[in-house]
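Below, chain A is the first sequence line, B the second, and so on; all start at residue 1.
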Amino acid sequence: MTIPVPREFSFSECLTFLLRSPREILHRVEGGVVRKAIGVEREPILVEIQERNNALDVHHYPGGITESQRKFIGQYIAQWFDLETDLKSFYALARKDALLGGLVKQYHGYRIVGQPDLHESLTWAILGQQINLGFAYTLKQRFVEQYGHSLEHGGQRYFLFPEPSTIARLAPEQLLPLQFSRQKARYVVEVARAFHEGRLSTESIRQLPFEDAKTELRKIKGIGNWTANYALMKTFRFPQAFPAEDAGLHNAIRNLKGMRAKPTIEQVRTLFKKYKGWEAYATLYFWRSLG
DNA sequence: CGCCAGGTTAGAG
DNA sequence: CTCTAACATGGC
């Protein structure tokens, strides 16, 4: 199938992001092609994505799929690469901005490569809380290999993110051998249980306005402002979502402004007033500046 | 060894 | 409401 891409879109910039960790377990990038297993009605289907003639060219295995599976895959990929967002007005704003001007020129077309599944995005955010990114990827790799379904293609194994029902059954202690802290283990199981017991779903949060969605997410233990905003940005594409507490964002702002110390959260909020309505994309390009 | 890392919670003031 | 300690462990 072929998926058209918007004007301000750079597949190679998105690939750079997808390549950032050698320990990434949920997709592979080789020679301009991304391969990933997508769970369609709980069955893993392998998709191969590459850019061709200003569109995404998608192949899938097995080849024979139903129309609804096809539709699901198309929507998943469009959400994954955030193809629906029109960046024109963000770029108009950012081009005139001292901090973002160079970044949006240098990384033009870079989009928020997200996680269309809320369970995945919340769990990944919890894994990344308070630890360095490399170790977070190690934890994710162990977690997915241990509990995720998979399929094999071309001599490679492709994993799906674990199902909430699988994780909901665990006692948090069972995650300690993977080197989860007790707190992370508790949070991860708690989030899975919220999905499994129907207290939380991608669809129910998607229908809510931004502030209500944030409030709902924060009711769950382990989800604070940082994690809620991360998910609202990566899963639901709220353009105003951004984690003001984020250490990486603080470092980026310090570097770009030549500050001696990292900005306080209040300074970050003040700075971000000028990006109102585009906080998520401003954050993305600040993160990108970290290299 | 010390400090920091894509924080959150519970509890104190 | 704001502030702080505890949590826990790898990477540099």
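- Of the candidates C/dT9, B/dT8, C/dA8, the closest approach to any side-chain atom of A/Trp226 belongs to B/dT8.
- Note on ring orientation: taking the six-membered ring where Trp is involved, the planes of A/Phe9 and A/Phe11 are tilted (angle from 30° to 60°).
- C/dC1 atom C1' lies 13 Å from atom CD of A/Glu266, rounded to whole Å.
- A/Lys221 comes within 4.0 angstrom of sugar-phosphate atoms only, judged by non-hydrogen atoms across all strands, and of no base.
- Whole-Å rounding puts the A/Leu176 CG to C/dA8 P distance at 9 Å.
- Taking the six-membered ring where the residue is Trp, A/Phe161 and A/His119 present perpendicular rings, their angle passing 60° and hence far from 30°.
- Going from atom CZ of A/Phe135 over to atom C1' of C/dC12 covers 15 Å, rounded to whole Å.
- The listed nucleotides are C/dA8, C/dG10, B/dG7; the one nearest the side chain of A/Arg182 is C/dA8.
- Atom NZ in A/Lys262 sits about 8 Å away from atom P in B/dC4, given to the nearest Å.
- Residues A/Ile223 and A/Asp246 each lie close to DNA chain B; by heavy-atom proximity, the contact nearer the 5' end of the strand is made by A/Asp246.
- At whole-Å resolution of the value, NE2 in A/His250 and C1' in B/dA5 are 13 Å apart.
- A/Gly134 comes within 4.0 angstrom of no nucleic acid atom, judged by non-hydrogen atoms across all strands.
- With respect to the salt-bridge test (charged N to carboxylate O, under 4.0 angstrom), the residues A/Arg206 and A/Glu203 do not qualify.
- Within 4.0 Å (heavy atoms only), A/Ile220 reaches sugar-phosphate atoms of the nucleic acid but no base atom.
- With both ends at atom P, the span from B/dG11 to C/dA8 equals 16 Å, rounded to whole Å.
- If you check C/dT9, C/dA8, B/dG7 against the side chain of A/Ala247, the one that comes closest is B/dG7.
- At a threshold of 4.0 angstrom between heavy atoms, the contacts of A/Thr227 are confined to the sugar-phosphate backbone, with no base atom among them.
- Atom CD of A/Gln179 and atom P of C/dC7 are 19 Å apart (whole Å).
- One finds a salt bridge joining A/Lys140 and A/Glu24 here, because a Lys/Arg side-chain nitrogen approaches an Asp/Glu carboxylate oxygen to under 4.0 Å.
- Going from atom CD of A/Gln183 over to atom P of C/dA5 covers 16 Å, rounded to whole Å.
- Where A/Gln129 and A/Asn251 meet DNA chain B, the nucleotide closest to each residue was compared, and A/Asn251 sits on the side nearer the 5' end.
- Taking atom NZ on A/Lys184 and atom P on C/dA6, their separation rounds to 19 Å, with Å as the unit.
- A perpendicular orientation is assigned to the rings of A/Tyr281 and A/Trp278, their planes being inclined by more than 60° (bins at 30° and 60°).
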